[in-house]
2 protein chains.
Amino acid sequence: MVETTKKDIYTVLKQRVIDGYYNIKMRLPTEDALIEEFNISRYAIRKAIKKLANDGLVYSVKGKGVVVLEQTPKTKEINLSLEEIDGLHSLNSDQAIDRKTIIADFQQVIVDEKLHHKTSFAVGVPIYAIQRVRRINNKNAVLDINYFNAQIVPGITPEIAKDSIYDYIKKDLQMKIAVVKRQLRIEHADQIDHAHLNLGINNCVGNMISFAFNDDGKQFEYTESHFIPDNFIFNQIIKF
Amino acid sequence: MVETTKKDIYTVLKQRVIDGYYNIKMRLPTEDALIEEFNISRYAIRKAIKKLANDGLVYSVKGKGVVVLEQTPKTKEINLSLEEIDGLHSLNSDQAIDRKTIIADFQQVIVDEKLHHKTSFAVGVPIYAIQRVRRINNKNAVLDINYFNAQIVPGITPEIAKDSIYDYIKKDLQMKIAVVKRQLRIEHADQIDHAHLNLGINNCVGNMISFAFNDDGKQFEYTESHFIPDNFIFNQIIKF
DNA sequence: CGTTATTTGTCCGTATGTATA
DNA sequence: ATATACATACGGACAAATAAC
């Protein structure tokens, strides 16, 4: 029996899978065997295995066992996982990336009919409208167009926008971000994109649209992140 | 107490949320109240609520309750959810779409060093290499470039490819698809894209790369789906 | 402002179902 | 047909965050 705290079980199993420890049979030990080894409940073991499955490392088959998946190569592009927030603020730390944020526009406006249709904020609501260019590895790679409900997220300044609005929301306003609904499209680049981004010969951008909600269920943000081709990857693992 | 079978609880709650039944307080009843109403275990209630959360309709907050999120508008583009398989075969049925598949190329080849690097199939493995153009609403919208391991998925024919290879895998070969790992990039369109797709003035494509695994953990497919801008949306819901 | 009540989250043990070997 | 192994479901106990007083 191995001496391991509950939190470590996932880490231990993950390392073993990556090292090929279980690869000979392409199977994990049974739940009962792992319960024995780690001296812990079935619930805890299943939780660790579920996490491994979410990483795309293993797959559970009823009546068979937990299968180890063949490993696929790592990518060298900037890895977004469709789960990053606040533009490119919280990227994987193992990817060394030079970043710089340039404020291209900063306004306070009232939502009109046209903006309502785009952002789904109610007409008449005061909002911050901010445009920021994200410079990554000496390229203008992302144009963030943010709209924040000023009633829910008050007091944004250009200085805050230059740093991280999400840090301000979480740390200073003590607001909880609950859910972000995201859409990803590919669109023909418009004038603003060409003006701010290093598109090269490309005439399209990726457009990641985000609707963010706090834990009162209120939408406090609408954001479009326009990014240049070839530099970003979105990952997803689908289980059947 | 409402007479409801276990499976219906999610459906009933979903309908109530959509209808705004709980919107006055922006809260769902407590778990205990729902246990009372539906006369069912806490486990079952929590399962239904979890499903609602995955739909992006509600969000649970410890010590507070289950919050109903403000609703965002539906989109009119073809909705892919990053979770569709086999190109565009299994789309939402509420979106009426004309489809047609044209086989552009069909070959059996052996994996060489270059193909190994791209597909991550082992060198020497026999594979099917298939190119299909997906015509949607009278536009050449998607170019599917499929590579299937012929040892794991034998017997593919142009006739099968014209219909659905995934149907063949599941129904005829009785093989289980376990996991699909997917990457989405935006790339500059190449000659083949321009030749097969109705790109118009755009010179970029979306490239959805899929690695598919069966329940033995073996990778049986590598696919690139190149699609034209403006017609597709990928959705995701991120919970914190 | 501190204390108590409320409400969801986590964890455990157990029993039964279901697909696989 | 039998044994194996993961999936689902239930009830209960306690922890942790929030709300109410």
Task: Short side-chain donor-acceptor distance under 3.5 Å, T101(A) and R132(A) - done: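 No.
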Starting at [atom1] of [X] and ending at [atom2] of [N], how long is that distance when rounded to a whole Å?
{"X": "K50(B)", "N": "dG9(C)", "atom1": "NZ", "atom2": "P", "answer": "10 Å"}
{"X": "D32(A)", "N": "dG13(C)", "atom1": "CG", "atom2": "C1'", "answer": "13 Å"}
{"X": "Y43(B)", "N": "dG12(D)", "atom1": "OH", "atom2": "C1'", "answer": "16 Å"}
{"X": "Y59(A)", "N": "dA5(D)", "atom1": "OH", "atom2": "P", "answer": "18 Å"}
{"X": "I49(B)", "N": "dT7(C)", "atom1": "CD1", "atom2": "C1'", "answer": "11 Å"}
{"X": "I40(A)", "N": "dT10(C)", "atom1": "CD1", "atom2": "P", "answer": "15 Å"}
{"X": "E31(A)", "N": "dC12(C)", "atom1": "CD", "atom2": "P", "answer": "14 Å"}
{"X": "F38(B)", "N": "dA9(D)", "atom1": "CZ", "atom2": "C1'", "answer": "18 Å"}

Task: R42(A) side chain, from C-beta outward: closest of dA9(D), dT14(C), dG9(C) - done: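 Taking heavy atoms from C-beta onward, the closest nucleotide is dT14(C).
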Open item on the list: Of the options dC6(D), dA9(D), dC12(C), whose atoms approach the side-chain atoms of S41(A) most closely?
Closed with: dC12(C)
Is any NZ, NE, NH1 or NH2 atom of the basic residue among [X] and [Y] found under 4.0 Å from an Asp or Glu carboxylate oxygen of the other?
{"X": "E37(A)", "Y": "R16(A)", "result": "yes"}
{"X": "D55(B)", "Y": "K181(A)", "result": "no"}
{"X": "D216(A)", "Y": "K64(B)", "result": "yes"}

Open item on the list: Using a 6.0 Å cut-off, check whether atom NZ of K176(A) has over 12 heavy atoms from anything other than its own residue.
Closed with: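 Atom NZ in K176(A) is not packed in, count stays at 12 or less.
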Task: Under the side chain to side chain donor-acceptor pair (under 3.5 Å) test, residues paired with Q107(B) that sit two or more places apart - done: D105(B)
Task: K14(A): partners by side chain to side chain donor-acceptor pair (under 3.5 Å), with sequence neighbours left out - done: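 If we apply the side chain to side chain donor-acceptor pair (under 3.5 Å) test to K14(A), skipping adjacent residues, the hits are Y10(A).
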Name the pairs: protein N/O against N/O of nucleotides 18-21 of chain D, kept only if under 3.5 Å.
from, atom 1, to, atom 2, distance (Å)
dT18(D), OP1, K176(A), NZ, 3.0

Open item on the list: Side-chain N or O of R46(A) versus OP1/OP2 of dC6(D): is the shortest distance under 4.0 Å?
Closed with: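 No, outside the criterion.
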